[in-house]
Structures are given as C-alpha cells and as structure tokens.
Amino acid sequence: MSGKTVTRAQLSEAIYQEVGLSRDESAKLVAAVLDEIADTLSEGDVVKISSFGSFMVRDKAQRVGRNPKTGDEVPILPRRVVVFRASHVLKDRINRSLSALADSGD
Amino acid sequence: MTKSELILRIAELNPHLFQRDVERIVSTVFEEISAALARGDRVELRGFGAFSVKKRAPRLGRNPRTGAAVRVAEKFVPFFKSGKEFRERLNR
C-alpha cells in the first residue's frame with residue numbers, strides 16, 4: 001500500500017478539474033456533500049450510494065468498560081455509531097487493484 | 001437517501017448550478033474516494049471521518065457443511081471510521 005492520504009483538498013481539486021468551478025466553490029461543494037450525508041444520518045436515515053456503499057446509524061447499548069491503565073470499571077453509555085458497508089462493486093475494485101499491485105511486488 | 005436524492009438535495013441548495021454539474025460533483029466525490037482506496041491510500045475528511053483499507057491475511061477456512069478445509073486468499077476490506085465531530089453530533 002502506498003500509504004498516501006487523500007484529504008478534502010484533493011477532492012476539491014478533482015471537482016475544480018472535472019467541473020470547472022472555482023477552487024473556493026469546489027471546496028464548499030465537497031463540504032455540502034459530506035454535511036448532507038451527516039445530516040441525513042443524524043436524523044436516523046440510511047444513505048445508500050450505488051456502487052460505493054451505504055452508511056447507517058446503529059444504536060449501541062450501555063456496557064461496562066475498563067480503564068486499561070488503572071483497571072477501574074467505567075460505564076460506557078448507550079450511544080449511536082455510524083457504520084459503513086462497502087458495496088460489492090467497491091470491494092471488488094479494491095481487491096482487483098491491490099492484489100495486482102501485490103503480485104507485481106509493490 | 002439514495003445517490004440521486006443526494007444530488008437533488010445539493011441541487012436545491014445550489015440553484016445557480018446546472019443539475020448535470022451537481023451530478024458530476026457528487027460522482028467525483030465518490031469516485032475520488034474509491035480510486036484512492038483502490039490505490040491503497042487512506043482518505044481523511046476532517047469532521048466527517050476516514051476511509052482506509054485493511055488487509056486480511058490468507059487463512060484456512062472450513063466448509064461448514066462438509067467440514068473440509070478451504071484455503072481463503074488474502075483480501076482487502078474497506079473500512080470507515082467516523083470523525084470526532086460527526087460522532088458528537090450523533091450523540092447530542
């Protein structure tokens with residue numbers, strides 16, 4: 001694995017190149033897309049993006065955790081978490097491309 | 001919400017843009033994330049979360065019906081971890 005990190009800046013740059021909006025507006029649109037997904041999930045709705053995957057919110061029950069340093073029991077309160085399930089299309093694409101890289105000794 | 005509903009929503013919020021441009025914008029976001037993961041790169045979107053690829057080692061599995069051992073090849077699984085802001089927002 002190449003170990004590089006892609007950030008909001010590269011996504012904005014891709015929109016700037018692809019759609020020809022200004023860099024500033026491209027950045028705002030990346031934020032708008034991510035905010036919209038987060039808003040929808042906060043309302044408890046599922047977000048399904050075809051050939052990418054789906055995001056959903058799960059409720060976690062309260063459980064007893066432990067402070068690993070002191071060994072003290074600490075209650076972990078019930079909370080909501082986001083889970084992402086990648087689509088088969090995305091999983092296959094990643095596996096095809098990364099196994100090819102591994103075979104070529106990368 | 002589906003991808004097309006997401007496109008409609010972004011188009012509503014940006015009435016000055018052509019719908020076909022909004023389609024390209026939304027598709028570009030997911031395409032860039034997918035392409036990065038396919039290169040084995042990590043995608044870190046501050047406030048939202050991070051996508052990464054985890055490697056699963058090859059293992060000897062078992063056919064649950066016959067009990068026969070089966071070789072399971074090494075594989076790569078995409079993973080998402082929500083960002084701090086996003087998690088706090090869900091639990092407000």
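Lettering of chains follows the sequences in order, A, B, ..., and the numbering in each one begins at 1.
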Examine distances only and state if a side-chain atom of D41(B) and a backbone atom of V6(A) form a donor-acceptor pair shorter than 3.5 Å. no
What part of S34(B) lies closer than 4.5 angstrom to a heavy atom of chain A: side chain, backbone, both or neither? both
Toward chain A, the part of F86(B) with a non-hydrogen atom under 4.5 Å: side chain
Set out, in order, the CA-CA distance, both residues' side-chain angles and the distance that settles side chain to side chain contact (heavy atoms under 4.5 Å, CB included) for L90(B) and V81(A), then state yes or no. CA-CA 7 Å; L90(B) 281 173; V81(A) 297; 5.9 Å; no
With a 6.0 Å cut-off on the ring centroids, do F79(B) and F84(A) count as close? no
Where is the tightest heavy-atom contact between L37(B) and L98(A), given as atom of each residue plus distance? O-CD1, 4.0 Å
Contact leader toward chain B among I37(A), V57(A), L21(A), where contacts are heavy-atom pairs under 4.5 Å: I37(A)
Is it the side chain or the backbone of D92(A) that comes within 4.5 Å of chain B heavy atoms, both, or neither? neither
Is the shortest heavy-atom distance from the side chain of K91(A) to the side chain of P78(B) under 4.5 Å? yes
Under 3.5 Å donor-acceptor, R42(B) side chain and K4(A) backbone: no
Considering only heavy atoms and a distance below 4.5 Å, find which of R79(A), R96(A), R93(A) pairs most often with chain B. R93(A)
Classify the ring geometry of F30(B) against F52(A): parallel below 30°, tilted from 30° to 60°, perpendicular beyond 60°. tilted
Testing the basics here: between E36(A) and I10(B), what is the closest heavy-atom pair and its distance to 0.1 Å? CB-CD1, 4.1 Å
Closest non-hydrogen atom pair, E25(A) against L17(B): OE2-CD2, 4.3 Å
With a 6.0 Å cut-off (strictly less than), is the heavy-atom count around CZ of F80(B), excluding the residue itself, greater than 12? yes
